[in-house]
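Working notes, structure below.
Residue numbering restarts at 1 for every chain, and letters A, B, ... go by the order of the sequence lines.
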4 protein chains.
Amino acid sequence: MADVSPRADAARNRSLLLAAAVAEFAEHGVDAPVAAIARRAGLGKGTVFRHFPTKDDLVAAIVCDRVTRLTALARDLGTAADAGAALLEFMTSAARERQRLDLSFLTGDLGSEVTSAQAELSEAVTALVDRARERGAVRDDVTGTDVLVLMCVPNDVVKHLPGAPAQLWERYLAILFDGLRPEGAHPLPQPPPA
Amino acid sequence: MADVSPRADAARNRSLLLAAAVAEFAEHGVDAPVAAIARRAGLGKGTVFRHFPTKDDLVAAIVCDRVTRLTALARDLGTAADAGAALLEFMTSAARERQRLDLSFLTGDLGSEVTSAQAELSEAVTALVDRARERGAVRDDVTGTDVLVLMCVPNDVVKHLPGAPAQLWERYLAILFDGLRPEGAHPLPQPPPA
Amino acid sequence: MADVSPRADAARNRSLLLAAAVAEFAEHGVDAPVAAIARRAGLGKGTVFRHFPTKDDLVAAIVCDRVTRLTALARDLGTAADAGAALLEFMTSAARERQRLDLSFLTGDLGSEVTSAQAELSEAVTALVDRARERGAVRDDVTGTDVLVLMCVPNDVVKHLPGAPAQLWERYLAILFDGLRPEGAHPLPQPPPA
Amino acid sequence: MADVSPRADAARNRSLLLAAAVAEFAEHGVDAPVAAIARRAGLGKGTVFRHFPTKDDLVAAIVCDRVTRLTALARDLGTAADAGAALLEFMTSAARERQRLDLSFLTGDLGSEVTSAQAELSEAVTALVDRARERGAVRDDVTGTDVLVLMCVPNDVVKHLPGAPAQLWERYLAILFDGLRPEGAHPLPQPPPA
DNA sequence: TATGAATGAGATTTCATTCAT
DNA sequence: TATGAATGAAATCTCATTCAT
């Protein structure tokens, strides 16, 4: 009990830093200087490096957090009555999350922690997609990995239109999801990635 | 005569530089140092700045070139017999182009030249889409701007999968295009962007 | 009684810290971070600064300790039967000590405590050398200060040969001591330092 | 001819930098900041890194220069009439050189260029010592490598005495050289290093 | 008293851009 | 006109030291 208080402080600062980093990255991209993040968090530059020895570690922490939350969501939705609606809701929530910050959490080597978090997410999403496919809610030839990469689309797309309204991603998610439905599906020219 | 050869030289250097920049950006991203581009072109660093006063100008020139070529393609396809196939071919060619270098040519302020080139592209693509929509080849509620942003998707998506096969983008273009077809289209939650 | 145990604790920590610092400096040089010393001692970083307000103070304490021990040794040997053998043994022990950690304890301003310890060592070594010289064990023109600086040689020399065997210093101490003997001594071009 | 002038400038700056680095290292040790060297040379910080991509490269260049000059000297003296005097002169010159800056040029991995320069020096000094030994000018059991490491002694020793007169090293070189003479040589306890 | 979180000055290094030759 | 040397403003990261708990 006695040693909780200093740690509470450190935990609070860690949160402050993550929030500041998310905000700063959202505004200026991942090239935002660490100093700006520290300033935004109201902390010293060195404190950032105490919590995250490398800038990459900071990025990895954010990604990890995000991926973990998505995994939890996918698992929650894994037992929903309507498997198709569950998948759509997952993709919707994922896009809404990504609207805040679009760090691509699939690329690059961000360390083992992120890698295993990604593996868990992949598994959870695959389960979600498999179920939707079995119920005929999505086309036969779509896989969990497909959804994993496609769920980034709506936000990526909107990034290209600087002045666009905040909710525009919903439009493209809808178009994309129509492409995943069984109705009017044409055969795909390439096999799904591993 | 005397002043023709220097101009020919300058034009050749400009081409060399653009090619070198495309290659360098493709390999190392837009953060590739100007020095590397100069070296690759077999020219001095100062020559780069003589042709392109700023690194951004160099990027803008590449984007401009690319956009202009796409505009020409869109115009060529504007008279094809099958409007739907023409649109698909346009998006396919655009994706194939982008496979080489995925500078997002829609974002950011790259100067007036790029802006007007973008406007022309927008106009040409809108014509293409309008025609396809009138023939019933794509859904009623899709616009030229939609296609303009969506045609970046296949490559953007594949970027997230480092080890993926080179042609994987074809898979996602197919899914996406199925989403643009009239069959099984669900109403879209947001209006198209301007 | 009540205040005895904290003092005992403090003394123990001081020793732990000195030992850890010696080890760390030996492995990584004086640039070894204070944090590493604290970790090696199993103490907090703050504790280091409680005992030694400055990193320099920590270095000074080590030097002081070392110098004091050498002084004791020199005094012990001051009454030995064979004055020449006593001097050789002193230099041998000094070199062996220095093999563990070669902080040069003569250079720099390390504070008054070190300065006075150095003065005492100087006096003791001078006595040792004077006696050896009187007995004809060393050449006429050699002084205590000469020995003081020369006794660092064997280790300094070996430092230049990274892969050298641990005992190589003995070779160079032998050569050096031969240079201090009266046999075959040539006149020295410069007077001894103060 | 026409392209000599820009290079002349660069060469001059390179020399300026080397000189400034030697001076700065001599005053403040190798930990002297690169910025200080640049300032002393009257050049920008970036210019240092144009000439020497790394601080280590700068150190290596200095060492290389020094080693190369010593090699030339050793070779020059290799044909002198009096082999013993030649060796003494070599060690004297080496010490005088080192008096300006005592970068230990034997330790550490400074890159292949330095390594090969060191090898050449070693060979030249070995020739010098072998000849002296054959003429009976130095003791039987001394090698080129011994001299290579011992020639650093006089300066190392004097470093420990901050206020000492500039020529004090001559005194210790004399003592050391007496230790290398055949007269009064005692057997050495350790074999020579490779 | 002991701890270790926070600090911030400073070190190395990169790179777009300028300018003398 | 072409070159590449010079510049200096960041950016990342380290570490001695302070201070709240």
Side-chain angles (χ1 to χ4, degrees), chain A residues 2-14 17 31-36 38 41-58, chain B residues 6-7 9-10 13 31-39 43-58, chain C residues 5-7 9-10 13 31-39 42-58, chain D residues 2-14 17 31-36 38 41-58:
Chain A
D3 62 333
V4 159
S5 57
R7 295 212 173 163
D9 228 42
R12 196 181 59 91
N13 282 346
R14 200 190 129 99
L17 282 172
D31 287 341
V34 174
L43 296 171
K45 218 179 351 176
T47 306
V48 182
F49 289 95
R50 152 168 290 277
H51 287 275
F52 308 100
T54 287
K55 193 186 184 182
D56 285 349
D57 291 331
L58 175 54
Chain B
R7 289 206 178 169
D9 225 44
N13 282 349
D31 287 342
V34 173
I37 295 168
R39 204 180 318 121
L43 296 170
K45 223 182 336 182
T47 307
V48 181
F49 287 94
R50 164 164 299 277
H51 285 276
F52 308 98
T54 287
K55 191 186 184 184
D56 285 349
D57 291 330
L58 174 54
Chain C
S5 75
R7 289 205 179 172
D9 225 44
N13 282 350
D31 287 342
V34 173
I37 296 169
R39 202 180 320 122
L43 296 170
K45 221 181 338 181
T47 307
V48 181
F49 287 94
R50 167 164 297 276
H51 285 276
F52 307 99
T54 287
K55 192 186 183 182
D56 286 348
D57 291 331
L58 174 54
Chain D
D3 62 332
V4 159
S5 57
R7 295 215 172 160
D9 226 43
R12 196 183 57 93
N13 282 345
R14 202 191 128 98
L17 282 172
D31 287 342
V34 173
L43 296 171
K45 219 179 347 175
T47 305
V48 182
F49 288 96
R50 153 167 291 276
H51 287 275
F52 308 100
T54 288
K55 193 184 183 182
D56 286 349
D57 291 331
L58 175 54

Measure [atom1]/[X] against [atom2]/[N] and give the value in whole Å, please.
X        : N       : atom1 : atom2 : answer
Asp57(A) : dC13(F) : CG    : C1'   : 12 Å
His51(C) : dT18(F) : NE2   : C1'   : 17 Å
Phe52(A) : dT14(F) : CZ    : P     : 15 Å
Ile37(B) : dT17(E) : CD1   : C1'   : 14 Å
Arg12(D) : dA20(E) : CZ    : C1'   : 12 Å

| note | With both pairing distances under 3.5 angstrom for Watson-Crick or G-U wobble, and | for a partner in another strand, the correct string for DNA chain F is .||||||||||||||||||||

Taking only nitrogen or oxygen atoms into account, show me every contact under 3.5 Å that the protein makes with nucleotides 13-16 of chain E, one pair per line with its distance.
residue : atom : partner  : partner atom : Å
dT13(E) : OP2  : Lys55(D) : N            : 3.0
dA16(E) : OP1  : Lys55(B) : NZ           : 3.0
dA16(E) : OP2  : Val34(B) : N            : 2.8

| message | Measuring from the side chain of Arg50(D) (C-beta onward, heavy atoms only), which nucleotide among dA2(F), dA5(F), dT7(F) has the closest atom? | response | dA5(F)

| note | Walking DNA chain E from its 5' end, the first of Leu43(A) and Gly44(C) to be reached, judged by nearest nucleotide, is Gly44(C)

| Could you state the interatomic distance from CG (Leu43(A)) to CG (Leu17(A)), rounded to the nearest 0.5 Å? | 5.0 Å

Give every donor-acceptor pair under 3.5 Å between a side-chain atom in residues 51-58 of chain D and any protein atom, sequence neighbours left out.
residue  : atom : partner  : partner atom : Å
Lys55(D) : NZ   : Val30(D) : O            : 2.8
Lys55(D) : NZ   : Ala32(D) : O            : 3.0
Asp57(D) : OD2  : Thr54(D) : N            : 3.2

| said: Is Thr47(B) close enough to dT3(F) that one of its side-chain N or O atoms is under 4.0 Å from OP1 or OP2 there? | reply: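 It does, given that an N or O in the side chain of Thr47(B) lies less than 4.0 Å from OP1 or OP2 of dT3(F).
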
